[in-house]
Amino acid sequence: MAFFMDPEVLSSDKIMEVFYIVMGLMSIYAGVHNLRDRSNPSRYGTFVFWTLLGVVIAFGRWIPPMIDGLLIVIMVIPAIAQRVKPGKAAEPTDAEVEGNFRRIGQKVFIPALAIGVFAIAGALIPAIGALAGCCIGVFVSAIILWAFNRANTPAVFLGDSCACCRCCWPVWARSSTRPAWATSSRGSSAA
């Protein structure tokens with residue numbers, strides 16, 4: 001708590017730390033969610049990866065550097081062993097997609113625009129900064145999406161964060177820009 005009360009720490013740093021904590025908790029949720037997914041053959045490795053990533057992101061400021069490094073080494077072991085795999089995702093039905101499109105239509109772009117507007121506003125306010133403004137915009141976008149469709153509850157957004165984690169890992173794992181330790185000798189990393 002001393003970090004948040006310290007007058008020497010910039011407001012933008014405090015805002016970003018709050019968002020890091022939220023992002024870390026979402027990663028921990030994704031890890032626990034994957035652990036409970038019995039259809040995922042790599043649920044334990046996926047759990048270790050996402051949960052430890054969440055701990056490091058959320059609480060890394062307060063974890064001693066040696067412990068932080070150890071957590072990161074443990075975190076990458078399932079990734080190196082290719083034991084981080086996407087689980088099942090709850091997909092909307094065609095009727096839900098069609099109904100949402102009829103109700104929301106092109107207004108679906110308003111939340112994305114809000115993120116950009118808040119990023120620019122944050123950039124214009126030095127005490128906040130563009131990155132913190134972008135993060136604030138994400139939360140404002142979630143509120144806008146909720147206003148468009150009350151079915152967009154926090155559980156929906158958490159489920160979407162798990163889906164994002166499932167999507168991000170395969171893209172990163174196949175990327176030619178990934179670090180050397182993540183390169184598999186079993187195949188080419190080129191797409």
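For this chain, numbers begin at 1 and follow the sequence in order.
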Problem - Crowding at CZ, Phe109 (>12 non-hydrogen neighbours, <6.0 Å) - result: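 Counting other residues, nucleotides and ligands, CZ of Phe109 stays at 12 neighbours or fewer.
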Side-chain contact, heavy-atom cut-off 4.5 Å: [X] with [Y]?
X: Ser42; Y: Val84; answer: no
X: Cys135; Y: Met16; answer: yes
X: Phe139; Y: Phe19; answer: yes
X: Glu96; Y: Phe101; answer: no
X: Asn149; Y: Arg103; answer: yes

If Ile, Leu, Val, Met, Phe, Trp and Tyr residues are connected whenever their side-chain heavy atoms lie under 4.5 Å apart, and connections chain through other members, are [X] and [Y] in the same group?
X: Ile143; Y: Val117; answer: no
X: Trp146; Y: Val22; answer: no
X: Val73; Y: Leu71; answer: no
X: Phe3; Y: Val55; answer: yes
X: Val56; Y: Ile80; answer: yes

Practice task
Given side chain to side chain donor-acceptor pair (under 3.5 Å), test Asp37 with Ser39 step by step and report yes or no.
Solution key: CA-CA 5 Å; Asp37 179 5; Ser39 70; 2.6 Å; yes
Practice task
May I have the step-by-step check of side chain to side chain contact (heavy atoms under 4.5 Å, CB included) for Ile28 and Trp50, ending in yes or no?
Solution key: CA-CA 6 Å; Ile28 292 169; Trp50 288 112; over 6 Å; no
For the student: nearest non-hydrogen atoms of [X] and [Y], plus distance:
X: Ala58; Y: Gly24; value: CB-CA, 3.7 Å
X: Ile104; Y: Val108; value: CG2-N, 3.5 Å
X: Ser141; Y: Ile115; value: OG-CG1, 3.2 Å
X: Phe49; Y: Pro78; value: N-CG, 4.5 Å
X: Ile128; Y: Ser12; value: O-CB, 2.7 Å
X: Lys14; Y: Asp6; value: NZ-O, 3.0 Å

Practice task
State whether the side chain of Lys85 and the backbone N or O of Gly45 hold a donor-acceptor pair below 3.5 Å, judged by distance alone.
Solution key: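 Side chain of Lys85 to backbone of Gly45, a donor-acceptor pair under 3.5 Å: no, none is there.
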Hey, could you give me the [atom1]/[atom2] distance between [X] and [Y], rounded to the nearest 0.5 Å?
X: Ile136; Y: Ile15; atom1: CD1; atom2: CD1; result: 4.5 Å
X: Met75; Y: Thr51; atom1: CE; atom2: OG1; result: 11.5 Å
X: Ile57; Y: Leu52; atom1: CD1; atom2: CG; result: 11.0 Å
X: Ile21; Y: Trp62; atom1: CD1; atom2: CH2; result: 4.0 Å
X: Leu35; Y: Arg38; atom1: CG; atom2: CZ; result: 8.5 Å
X: Arg43; Y: His33; atom1: CZ; atom2: NE2; result: 12.5 Å

Practice task
Please say whether the positively charged group of Arg61, taken as NZ for Lys or CZ for Arg, lies over the ring of Tyr20, i.e. under 6.0 angstrom from the six-membered ring centre and within 45 degrees of the axis.
Solution key: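 Not flagged: Arg61 not positioned over aromatic ring of Tyr20.
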